[in-house]
Structures are given as structure tokens and as C-alpha cells.
2 protein chains.
Amino acid sequence: MVTIRDIAEQAGVSVSTASRALNDNPRISAVTRRKIKSLADRLGYVPNFNAKSLTRGESNVVGVIFPPEKASEQANPFFIDAMRGINQVLTERKYVLSVAIGETTQTILDNVIAMVDQAKVKRFILLYSHENDPIANYLRTAGLRFVVIGEPDAQYQDDYVNNDNVAAGEMGTDYLLSQLNVKRPVFVGSEEDWQYERDRRAGFGKATTAHQVVGQYLPIPAVEQPTKDVRVWIHEHPQIDGIVASDDLLGLAFFQQWQLIYPGKKLPIVSYNRSFKLPLPDLQFHSITLFPAKLGAAATELVFKKADENGGRHTVVPFKML
Amino acid sequence: MVTIRDIAEQAGVSVSTASRALNDNPRISAVTRRKIKSLADRLGYVPNFNAKSLTRGESNVVGVIFPPEKASEQANPFFIDAMRGINQVLTERKYVLSVAIGETTQTILDNVIAMVDQAKVKRFILLYSHENDPIANYLRTAGLRFVVIGEPDAQYQDDYVNNDNVAAGEMGTDYLLSQLNVKRPVFVGSEEDWQYERDRRAGFGKATTAHQVVGQYLPIPAVEQPTKDVRVWIHEHPQIDGIVASDDLLGLAFFQQWQLIYPGKKLPIVSYNRSFKLPLPDLQFHSITLFPAKLGAAATELVFKKADENGGRHTVVPFKML
DNA sequence: CTGTTAGCGCATTCAC
DNA sequence: GTGAATGCGCTAACAG
């Protein structure tokens with residue numbers, strides 16, 4: 001293994017000079033810097049992260065925090081794609097991605113604390129946000145740098161990245177109304193009514209108003225086992241001729257029920273996927289992708305920016321109809 | 001921050017004694033060990049991983065390697081659940097989970113090499129296996145400890161964990177035939193024909209033979225856009241009265257097509273999910289879970305066992321019909 | 001069973 | 001602009 005010492009000797013300079021040169025310290029002349037750097041990669045030098053972290057008191061690691069869950073509730077590749085985007089940026093910066101994941105908030109919190117105390121991790125990306133989340137609270141009070149992906153807790157000024165979900169809702173609905181000639185749309189959401197759903201629904205409202213049509217709203221209780229209520233609702237609303245679903249799975253769940261009641265009837269659907277492929281019936285589905293990988297990449301860029309006095313910095317990632 | 005030095009001083013012993021006691025070195029008397037340990041956590045001592053890794057030449061990290069993919073092709077929470085299982089074991093052992101993920105094999109390989117060279121990671125879990133995978137090759141030749149989740153490359157003796165897919169295939173099929181009174185089953189697989197699919201299909205074959213019924217086999221090209229072929233096949237096989245699908249998504253894809261051709265007709269389905277929930281129509285779906293979290297946990301246990309001379313050690317994780 | 005000593009590889013004071 | 005010296009926190013010879 002070639003150390004900084006080796007390259008110092010071969011270059012005929014001291015270790016400290018080598019160190020400075022490799023770290024782009026301005027006190028080193030451009031000439032020697034170049035010389036040392038080229039020598040370094042000629043020798044195949046790679047810095048030892050552990051030594052570096054030990055002296056710097058901070059490791060080359062960004063912690064990625066998953067939401068607490070016993071098992072995956074949804075078939076949701078959002079996180080994987082986000083990790084891909086995150087890691088792409090991290091690799092450029094010679095950083096490594098570590099994850100904190102577990103069944104309960106407490107488990108994850110312990111995990112995060114271990115990263116901070118033992119591994120000296122100072123930067124985190126939160127893949128979710130809950131109101132009054134103990135983990136976010138910990139990060140805040142510990143003065144650690146972190147970025148939220150999604151809608152952040154409104155009572156704090158955390159940095160975050162997300163999509164403009166109002167615009168996405170409006171755009172999808174508009175497509176349905178103006179291109180697919182829908183007159184009686186329904187917005188299908190989950191019963192959780194997450195912030196992003198509310199936003200998309202707000203966009204839905206704007207579009208329906210603009211087109212002067214009446215929009216319905218239906219929250220679906222459990223995706224995997226829609227209740228009778230949904231069927232009753234469908235029976236009572238035979239005039240529905242298009243769906244905007246806050247999520248692909250919800251759209252599919254609704255459509256399954258609809259199909260049973262009105263077999264063969266067409267029903268165009270716009271939904272917001274998190275970029276995955278499902279075996280969807282024919283071409284009735286129109287998905288809007290929110291580019292999870294881009295969200296991840298943007299969050300990572302942001303987490304490397306120094307914390308701002310005011311906080312609450314925000315990157316908006318575009319969406320696109322597929 | 002309290003260091004090992006602090007606890008050594010307060011305990012009135014040398015630093016090395018403290019270090020040994022904390023690391024359960026047998027050369028330390030039980031008395032002083034206990035004394036030092038209790039003092040340590042009374043003072044809230046946490047070891048500095050970076051210092052530890054620097055001296056040991058190995059870091060407290062297990063690298064988890066994802067398959068190369070541009071974007072998630074499937075709505076597959078398998079990986080997330082596996083990570084949960086992995087991290088649970090890692091946390092107990094005071095280890096941290098780092099991931100290597102990217103679009104191409106080369107990117108990921110670079111990622112892995114960086115982990116090895118810069119961060120001194122020595123243990124890995126491969127979340128997939130391809131024949132002649134450059135990453136597995138690298139790990140092998142570099143003499144690193146790794147465990148494969150799934151069916152390993154047959155030409156090597158790598159350690160691995162997986163399910164008994166033949167038994168799972170047989171059990172699911174048997175359920176269909178004996179409990180649901182199916183007489184003309186079809187096995188639906190992907191066109192890739194992965195090893196785990198072949199195994200489940202072999203189990204399907206065993207069960208159909210045992211029940212003296214004729215089993216069909218249909219590979220489906222692309223889940224998200226089944227071709228005409230599938231419809232033609234369905235038209236030509238009206239007698240089919242039950243499905244075993246190698247995967248939930250495939251089952252759903254087939255069923256969507258079937259439904260269009262024979263609306264209202266019942267068609268019981270047994271499929272192997274990787275434990276996620278989809279909006280499935282009614283109760284016709286019978287899922288067999290393969291416990292991805294258990295696979296992850298078992299792989300992690302195995303990766304901490306010293307490499308065996310012969311290699312090829314193997315943990316079998318049970319499955320269960322939900 | 002325990003203490004002394006010497007690094008691990010690197011960054012960073014402080015000198016020059 | 002560069003070098004010498006010191007130490008980050010911990011483990012591991014080598015002694016006793």
C-alpha cells in the first residue's frame with residue numbers, strides 16, 4: 001500500500017508538503033502541487049479514509065436515513081432510485097453512503113447516534129419527513145448537516161428538496177381534461193393524506209376550476225384490500241370518466257375495483273409514480289415521473305453546501321409526463 | 001468526548017489494559033474487565049471507529065452491493081427489506097452498512113474498490129448474482145469475504161443464502177392442486193428464466209406429476225407491456241384454471257390479460273412475492289413470502305464467519321404461504 | 001495478568 | 001512556500 005509518506009520521499013519533499021499539495025492547499029506552489037499529484041496517481045496512491053477521518057474528526061460518509069417500517073408496505077422503488085442518485089454524487093466527492101434503517105424510530109435513532117458518535121458522520125439525508133420526528137430533532141439539536149427529501153416539517157427551517165407537487169397535480173389533471181377529453185374526473189388519494197397528496201390535489205383543484213368541471217375526491221383506505229366503501233362509491237358515481245391518482249398503486253387499486261363494476265369501460269388514469277413499472281392494463285395509464293434519482297442527487301449537492309444562517313433552502317426537481 | 005485514555009486514568013490502569021478489557025481480551029482478569037467496562041459506560045465512552053479501523057487495518061463496515069440498473073425495473077422492495085435484516089445484525093455487532101449502487105457494473109466496481117482501498121472494507125454482501133460477474137470476480141481475487149443472496153454462480157464455491165425454491169415451487173403448486181381444486185395449471189415465468197424461476201418451475205413439475213395433471217409453461221416477455229403472444233396463448237388455452245407465477249408482478253401481468261379475455265372468470269393464483277403489497281383483485285392471490293429480511297440477516301451472520309477452506313457454505317431460509 | 005512503547009496514515013500547528 | 005514535530009484514538013508487539 002502506498003502512503004503519503006512514500007510519495008513524499010519519492011518527490012523529495014516532506015510529508016506535510018505532500019499532504020498540502022494533495023489537498024489543494026493554496027500555500028503550495030502550483031508547480032510542486034502538480035508534480036506531487038501526478039506522482040501520486042502514477043504510484044496509485046489512495047488516501048486512507050480512516051486516517052483522514054481520525055485527524056479531521058469527520059468521516060467521508062453521508063448517512064441516508066430510511067423511514068421506520070417493519071416491512072415494506074409498498075412496492076416502492078423510490079428509495080432505491082434515490083440512493084442511486086445520491087451515490088452518484090457521493091462517488092464524485094469521494095464519499096461513501098451509509099444507511100440507517102430499521103423497524104422503529106428508536107432503532108434508527110440509535111443507529112444514527114452510533115454513526116455520529118462512533119464514526120463521526122456529520123451529514124445526513126432524510127428520505128422522509130414526519131412531523132415532530134425524533135430523528136430530525138436529534139440532528140437539529142446536535143447541529144448536524146442534513147437535508148430532507150420531500151415536504152419538510154413546517155415548523156422548522158430545514159433544507160429540503162422536492163417536486164412542485166401542486167404544479168404536477170395541475171399538469172396531470174390538465175392533460176386528462178384537455179387531451180383525453182375527460183369531464184368528470186376523480187382524484188384518488190390515500191387515507192393518510194400526506195402533504196404531497198394534498199399538494200397534488202390542490203393542483204387537481206386548480207385545473208378542474210380552470211376547465212370549469214367538477215372534480216371528485218376519494219381517499220382509499222388500504223391499497224391492498226379496498227373496502228366495500230370504495231365499491232359503493234364507484235356505484236354511486238357512474239359518471240366518472242377519468243382518474244388522477246396520487247400514486248400509481250392507488251390508481252391501480254381503484255381501477256381494479258372499477259373494472260369489476262364496469263367491465264370493458266375505458267377509464268384514463270394519470271398517476272404519479274415513483275418511477276417504477278407495473279403490469280398496467282393497456283395504455284390507459286399516464287404516469288408522471290418525479291425523478292427520484294434527481295431528488296437524491298440534488299439532496300446530496302445541498303448537504304455539502306454549508307448550512308445557511310436562515311436555513312430552509314430548497315431545491316425543486318422537475319417532473320415529466322412519460 | 002471521552003477516550004480510552006480517560007477511562008484508563010480513572011480506572012488507574014494503563015491504556016492497553018483498558019483497550020484489552022473493552023475488547024474482551026482473555027488475558028484480562030474478569031474482575032478488571034468488568035470494572036473497566038462498567039466505568040466505560042458510566043462515563044459514556046464510545047470507541048472511535050476511525051481510530052480503531054486505522055490501527056486494525058479494517059473498518060467496521062459491511063458493503064452491500066446492489067445489482068447494476070439504470071432505474072428500478074421492478075417495483076421490488078426486496079432489497080429494502082433485505083437491508084433491514086442486514087442492518088439489524090450489523091447494529092448488534094457495532095458495524096455499519098455501506099452501499100455500493102450505480103447504473104453500470106463498472107461504476108459499482110469502482111465504488112467497491114474505493115471501499116476496499118480507501119475505507120478498508122473487508123466484508124460484502126452481494127444482493128444478486130450474475131454469471132461471471134466482474135464484481136464477484138474482483139472480490140474473489142482480492143480475497144475479500146463475501147456472501148451472495150440468491151443462487152450463486154455455479155462455477156465457484158461462494159458462500160450464499162437463499163430459499164429452497166424447488167420446495168417453494170412444489171408447495172405452492174400443491175396448494176393450488178389439492179386445496180383449490182385446480183386441474184390445468186400454468187407456470188408463468190419471466191423470459192429471463194432466472195435460476196430461482198427454474199427452481200420454482202422444477203417444483204411445479206414435481207407437484208403436477210405427483211397429482212397426475214398436465215402443467216403448462218409460459219414465459220412472459222416484458223411485464224409492463226405483454227405482447228400479443230400472451231393473448232394468443234391465453235386464447236389457445238381456455239382450459240387453464242390456475243396459475244403459479246414465479247413472481248407477483250408476473251402473476252398480475254398475466255391476470256390482467258386473462259381478465260380482458262375471460263372477464264369475470266375466477267383464476268386462483270399462487271405467486272412468490274418478495275413480500276410486498278400490491279392492489280390485488282379480490283382473494284385470488286395466494287402469496288408465498290420468502291422473508292427477504294431473514295435472507296439479509298442470515299447473509300450477515302454468514303459474512304462474519306471465517307471463510308471456510310472449501311467454501312460454498314449455505315444457509316437456507318424458510319418460506320411461508322401467507 | 002498488566003504496563004511500556006511504538007506506530008497506524010494523515011493534517012496541522014509552529015517554525016524557518 | 002516548505003519542513004519538523006506533534007497528536008488524532010486506538011491496537012499490538014514486546015516486556016515483565
Side-chain angles (χ1 to χ4, degrees), chain A residues 1-37 39-40 43-61 94-96 114-122, chain B residues 1-37 39-40 43-61 94-96 114-122:
Chain A
M1 198 189 72
V2 32
T3 74
I4 200 172
R5 195 182 208 101
D6 300 323
I7 91 148
E9 280 173 7
Q10 300 222 19
V13 297
S14 74
V15 191
S16 49
T17 302
S19 172
R20 289 189 185 107
L22 293 170
N23 290 293
D24 293 316
N25 187 313
R27 287 169 29 183
I28 298 297
S29 72
V31 201
T32 55
R33 186 186 321 172
R34 238 194 313 277
K35 180 177 132 194
I36 289 179
K37 280 196 169 181
L39 178 63
L43 296 183
Y45 166 76
V46 291
N48 182 321
F49 278 8
N50 297 310
K52 225 169 165 143
S53 303
L54 181 57
T55 57
R56 289 196 319 146
E58 168 173 358
S59 62
N60 288 240
V61 171
K94 306 272 184 205
Y95 263 67
V96 163
M115 283 188 183
V116 174
D117 288 348
Q118 323 214 17
K120 312 299 173 194
V121 178
K122 306 274 193 215
Chain B
M1 199 190 70
V2 32
T3 74
I4 200 172
R5 195 182 207 103
D6 299 325
I7 90 147
E9 279 173 9
Q10 300 221 18
V13 297
S14 74
V15 191
S16 51
T17 303
S19 171
R20 290 189 185 105
L22 293 170
N23 289 294
D24 292 316
N25 187 312
R27 288 170 27 184
I28 298 296
S29 73
V31 202
T32 54
R33 187 184 322 171
R34 237 194 313 280
K35 179 177 132 197
I36 289 178
K37 280 196 169 181
L39 178 62
L43 296 183
Y45 167 75
V46 291
N48 181 322
F49 278 8
N50 298 309
K52 222 168 168 145
S53 304
L54 180 57
T55 57
R56 289 195 321 147
E58 169 174 355
S59 61
N60 288 238
V61 170
K94 307 271 183 204
Y95 263 66
V96 163
M115 283 188 182
V116 174
D117 289 348
Q118 323 214 16
K120 311 301 173 194
V121 178
K122 306 274 193 217

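Naming convention: chains lettered A, B, ... in sequence-line order (proteins, then strands); numbering from 1 in each chain.
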Taking for B:Ile28 and for B:Leu54 the nucleotide of DNA chain C with the nearest heavy atom, the one nearer the 5' end belongs to B:Ile28
Closest to the 5' end of DNA chain C, once A:Asn50 and B:Ser29 are matched to their nearest nucleotides, is B:Ser29
Mind calculating the distance between [atom1] ([X]) and [atom2] ([N]) to the nearest angstrom?
X        : N      : atom1 : atom2 : value
A:Glu58  : C:dC10 : CD    : P     : 18 Å
A:Lys94  : C:dC10 : NZ    : P     : 14 Å
A:Glu9   : D:dT2  : CD    : P     : 18 Å
A:Asp24  : C:dA11 : CG    : P     : 12 Å
A:Leu22  : C:dA11 : CG    : P     : 8 Å
B:Lys120 : C:dC8  : NZ    : C1'   : 11 Å
A:Asn48  : D:dC10 : CG    : P     : 17 Å
B:Asn25  : D:dC10 : CG    : P     : 16 Å

In B/S/- notation (B base, S sugar-phosphate only, - none; protein heavy atoms under 4.0 Å), nucleotides 11-16 of chain D written 5' to 3' is BBBBB-
| task | Find out whether B:Ile36 and B:Gln10 are in side-chain contact, i.e. whether some heavy atom of one side chain is under 4.5 Å from a heavy atom of the other. | result | no
With a 4.5 Å limit on heavy-atom distance, are the side chains of B:Lys120 and A:Phe49 in contact?
no
Short question: side chain of A:Arg20, backbone of A:Ile28 - any donor-acceptor pair under 3.5 Å?
no
* Run the numbers on B:Ser19 and B:Ser16 for side-chain hydrogen bond (donor to acceptor under 3.5 Å, both in side chains), then give the verdict. => CA-CA 5 Å; B:Ser19 171; B:Ser16 51; over 6 Å; no
Compare every heavy atom of [Y] with every heavy atom of [X], then report the nearest pair and how far apart it is.
X       : Y        : answer
B:Ser59 : B:Ala119 : OG-O, 2.8 Å
A:Met1  : A:Asp6   : O-OD2, 3.7 Å
A:Leu39 : A:Ile7   : CD2-O, 3.5 Å

Under 4.0 Å, heavy atoms only, any strand: does B:Thr32 hit a base, just the sugar-phosphate, or nothing? sugar-phosphate
